[in-house]
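Single-structure report; data block below.
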Amino acid sequence: MATVRLDQKSRAIVRSISDSYINALAKYFGSGPTDIDVARQQHRAYAKALSANGVEVTTLEADQNYPDCVFVEDQAVVIDGHVLLPVPGHESRRGEQPPIADFLSDKLQGHQICKMEPPAMMDGGDILRLGDLFFVGRSTRTNDAGIKELKDLLDHLGHELRIVDIPPQALHLTSISSTPSDNIILAPEGYLSPESFGELPDGCEVIMMPNEEVYGCNTIGLPGNKVILAKGYPTVKAILEAKGFECITIDMGQIRAADGSLTCCSIFY
Ligand code: GLY
């Protein structure tokens with residue numbers, strides 16, 4: 001069975017919702033946020049749920065020049081002593097990275113910073129980790145040059161990388177899947193199949209969820225068999241409960257409206 005990676009779940013960065021959030025990119029799950037106060041309330045509840053479940057949360061200030069800056073997951077990925085700073089796949093989001101890079105460089109002294117350069121591009125939301133096995137979404141935000149840079153890093157670290165082609169109706173790999181534990185992948189029918197992930201290590205499985213619960217497939221697994229999931233996805237919740245998880249449910253309505261999922265709003269380091 002894959003090694004448990006829940007050890008990297010003790011600290012997280014989140015970023016407040018920008019005054020310009022109403023203009024956030026929205027093309028997949030949502031047609032744009034409509035209520036910034038509710039969005040902020042939901043985001044505060046999200047950060048509180050992380051803290052209440054043992055995560056030390058640092059909240060970075062929003063930047064009103066970047067409507068999508070709350071979605072920090074896309075801007076940096078911490079892997080085994082390395083901080084990967086990708087070139088975000090949407091031009092409007094490229095200026096979000098510096099405060100996140102500065103924070104991580106300061107907190108993680110001794111980690112190697114790996115800065116991607118164009119034409120490579122990648123959103124952190126296209127990276128999924130199952131123990132020591134990695135998956136990357138080839139999407140409108142992540143190109144082959146970006147995938148090659150990630151593969152070079154993972155080869156160096158001795159980890160395997162598999163490519164998952166993201167269907168046109170989805171933004172990122174993590175928009176439609178997650179690993180609530182280091183031996184389970186959740187994925188939606190109509191978007192992905194068990195074969196999308198190839199043969200998994202012994203003891204690991206892909207659990208397919210109904211197409212209409214695609215948004216619910218994005219979860220955050222925490223130590224102690226806890227999992228945070230979005231409110232309103234009963235099959236996902238029932239299956240995780242049957243697997244022995246304690247489910248913590250959060251209303252993500254105004255985050256979803258900007259195509260954001262639970263994992264989009266944090267970087268675990
Ligand atoms: N609204 C999130 C994104 O499109 O990157």
Side-chain angles (χ1 to χ4, degrees), residues 12-43 46-47 59-77 84-101 116 118-128 135-143 146-147 150 164-178 188 191 214-220 228 230 250-268:
I13 303 175
V14 304
R15 195 168 187 184
S16 301
I17 289 186
S18 161
D19 289 343
S20 56
Y21 181 60
I22 236 80
N23 300 319
L25 299 167
K27 183 176 165 188
Y28 299 91
F29 290 129
S31 50
T34 50
D35 191 325
I36 199 160
D37 292 332
V38 173
R40 286 189 164 130
Q41 242 170 47
Q42 291 175 347
H43 187 255
Y46 169 87
T59 305
L60 302 183
E61 258 180 50
D63 182 336
Q64 63 174 356
N65 294 312
Y66 297 104
D68 285 282
C69 69
V70 63
F71 301 125
V72 288
E73 176 184 49
D74 295 321
Q75 301 291 332
V77 186
L84 175 64
L85 298 174
V87 176
H90 197 286
E91 213 168 334
S92 72
R93 301 200 52 200
R94 294 200 178 146
E96 294 173 27
Q97 200 175 58
I100 294 168
M116 205 176 258
M121 63 176 203
M122 171 171 287
D123 279 0
D126 271 316
I127 300 177
L128 183 69
F135 300 91
V136 62
R138 180 159 39 205
S139 70
T140 55
R141 301 286 177 88
T142 296
N143 64 11
I147 292 172
L150 176 64
V164 179
D165 282 308
I166 302 306
Q169 72 273 30
L171 173 56
H172 291 133
L173 179 56
T174 63
S175 311
I176 54 175
S177 65
S178 66
Y191 288 76
V214 50
Y215 185 80
C217 290
N218 180 280
T219 64
I220 298 178
I228 302 182
I250 298 187
D251 190 344
M252 293 289 284
Q254 283 297 305
I255 309 291
R256 178 186 160 129
D259 293 339
S261 303
L262 289 157
T263 61
C264 303
C265 298
S266 45
I267 300 171
F268 285 90

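All of these numbers come straight from a predicted model, not from anything done at the bench. Every number for a ligand or one of its atoms is a count from 1 in the order of the listing.
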List in chain and number order the residues that pass salt bridge (Lys or Arg N to Asp or Glu O under 4.0 Å) with Asp123, two or more places apart in sequence or in another chain; answer none if no residue qualifies.
Arg141
Using distance alone, with no hydrogens and no angle criterion, decide if Gln254 and Gln42 have a side-chain donor and acceptor under 3.5 Å apart.
no
Every residue of the protein that comes under 4.0 Å of ligand 1, judged on heavy atoms
Leu25, Asp68, Phe71, Arg93, Arg141, Leu171, Ala258
Please check this pair: side chain of Asn143 against backbone of Pro119, looking for a donor-acceptor N/O pair closer than 3.5 Å.
yes
Side chain to side chain, Ser177 and Tyr191, heavy atoms closer than 4.5 Å:
no
In Å, rounded to the nearest 0.5 Å, how long is the span from SG of Cys265 to CD1 of Ile250?
9.5 Å
Check each of Leu173, Ile127, Val136, Leu150 against Thr142 using the side-chain contact (heavy atoms from CB on, under 4.5 Å) test, and report the only one that passes.
Val136
